[in-house]
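Proteins come first, then strands; the chains are lettered A, B, ... in the order of their sequence lines, and each starts at number 1. Please read all numbers here as calculations on a predicted model, not as lab measurements.
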Amino acid sequence: NAGVTQTPKFQVLKTGQSMTLQCAQDMNHNSMYWYRQDPGMGLRLIYYSASEGTTDKGEVPNGYNVSRLNKREFSLRLESAAPSQTSVYFCASSNGEGADTEAFFGQGTRLTVV
Amino acid sequence: AQTVTQSQPEMSVQEAETVTLSCTYDTSESNYYLFWYKQPPSRQMILVIRQEAYKQQNATENRFSVNFQKAAKSFSLKISDSQLGDTAMYFCAFMSNSGYALNFGKGTSLLVTP
């Protein structure tokens, strides 16, 4: 049972470069999320998708774009990376409701922008 | 947007003792979900315990229990018989009933000492 799979696990970018972080879940969840984690800041929501075909901004969306390609996949794109985007990125998914609801997380991507 | 506040950036407890981590939140919704997640140095996000807002009974999972005060919008985590393996970052999180945004606090770093 793979759960939530994020790729890559590590990445170094030069300022101005672009890249896409990939995320896929195999739990048939409707909701998917992208977070960034910085020291002392907790997990801050970048974008989320409540269902296939819909996306919404979270707390820190500037500099990012997302695509909910299908129910399984939710990608995060940095069009022109900046040093301020150096962070650990987490993808998560959730069944959204019910007694057993919880969010499942990928292993994270450590991104460094130099 | 719902906000989640963890007022204790760092805490320390001796092995076998009991510790309580605090969390408050702000919402206008009547039904929602609350979570405590643990993040050890491996960076993996692990669900510790969940609480549905409409359930008055406090959730319990082995050595972990919560004190859920809906009117006060408070959701504290009590760890009994602390173990060295409990050393981790602990995050409080709020999920709306529709499973849309999942918002986290900034975390509490817990150190369990021998």
Side-chain angles (χ1 to χ4, degrees), chain A residues 3-6 9-10 23 25 27-52 54-61 66 68 74 87-111, chain B residues 1-10 21-26 29-55 57 59 61 64 66 88-109:
Chain A
V4 179
T5 304
Q6 271 183 251
K9 289 187 171 52
F10 301 93
C23 177
Q25 53 93 7
M27 295 171 283
N28 201 37
H29 287 167
N30 285 319
S31 300
M32 297 187 74
Y33 312 87
W34 275 106
Y35 294 91
R36 60 177 290 171
Q37 183 178 16
D38 303 291
M41 300 299 291
L43 277 79
R44 292 184 291 170
L45 185 63
I46 304 172
Y47 272 93
Y48 63 98
S49 171
S51 62
E52 182 180 353
T54 67
T55 61
D56 286 283
K57 295 179 179 179
E59 180 184 355
V60 288
V66 290
R68 185 74 183 267
F74 188 40
S87 188
V88 177
Y89 292 84
F90 284 96
C91 177
S93 72
S94 167
N95 52 349
E97 60 185 355
D100 295 327
T101 191
E102 69 176 276
F104 294 83
F105 286 80
Q107 292 183 311
T109 297
R110 182 174 291 279
L111 175 67
Chain B
Q2 292 87 357
T3 57
V4 179
T5 302
Q6 294 179 249
S7 58
Q8 305 151 315
E10 296 179 346
L21 280 57
S22 301
C23 174
T24 58
Y25 58 93
D26 184 27
E29 298 186 21
S30 59
N31 196 24
Y32 44 86
Y33 302 91
L34 296 164
F35 307 88
W36 279 98
Y37 277 87
K38 170 184 177 181
Q39 187 183 44
S42 67
R43 214 167 66 193
Q44 183 181 4
M45 294 290 287
I46 303 166
L47 177 67
V48 175
I49 200 165
R50 77 166 67 83
Q51 174 83 42
E52 295 178 76
Y54 72 86
K55 288 187 176 179
Q57 186 173 6
E61 290 286 344
F64 299 88
V66 298
M89 197 75 170
Y90 287 81
F91 292 99
C92 179
F94 173 101
M95 178 188 286
S96 63
N97 188 42
S98 57
Y100 290 172
L102 172 61
N103 295 302
F104 285 81
K106 293 185 177 181
T108 296
S109 179

(Q) Are there over 12 heavy-atom neighbours, none belonging to B/K38, within less than 6.0 Å of that residue's NZ? (A) yes
Q.
A side-chain contact here means heavy atoms from C-beta on lying under 4.5 Å apart; do A/L45 and B/L102 qualify?
A. no
(Q) List the residues meeting side-chain hydrogen bond (donor to acceptor under 3.5 Å, both in side chains) with A/Y47, not counting sequence neighbours, and say none if there are none. (A) none
Q. For A/R110, is it the side chain, the backbone, both or neither that has a heavy atom under 4.5 Å from a heavy atom of chain B?
A. both
Q | Closest non-hydrogen atom pair between A/T109 and B/R43, with its separation | A | N-NH2, 4.2 Å
**Q.** Listed partners of A/D56 passing side-chain hydrogen bond (donor to acceptor under 3.5 Å, both in side chains), at least two apart
**A.** none
Q: Look only at the side chain of A/Y35 and the backbone of B/F104, and say whether a donor-acceptor pair between them is shorter than 3.5 Å.
A: no
Q | Heavy-atom contact with chain A under 4.5 Å, split by part of B/Q6 | A | neither
(Q) If you define the side chain from C-beta out and look only at heavy atoms, does anything of B/Q39 sit under 4.5 Å from A/F90? (A) yes
Q | Greater than 12 external heavy atoms within 6.0 Å of B/Q8's CD | A | yes
Q: Drop me the distance from A/S94's OG to B/F35's CZ, to the nearest 0.5 angstrom.
A: 6.5 Å
Q: Identify the two heavy atoms, one from B/K106 and one from A/G40, that lie closest to each other, and give their separation to 0.1 Å.
A: CD-O, 3.5 Å
Q. Relative to chain B, which segment of A/E59 carries a heavy atom at a distance below 4.5 Å: side chain, backbone, both, or neither?
A. neither
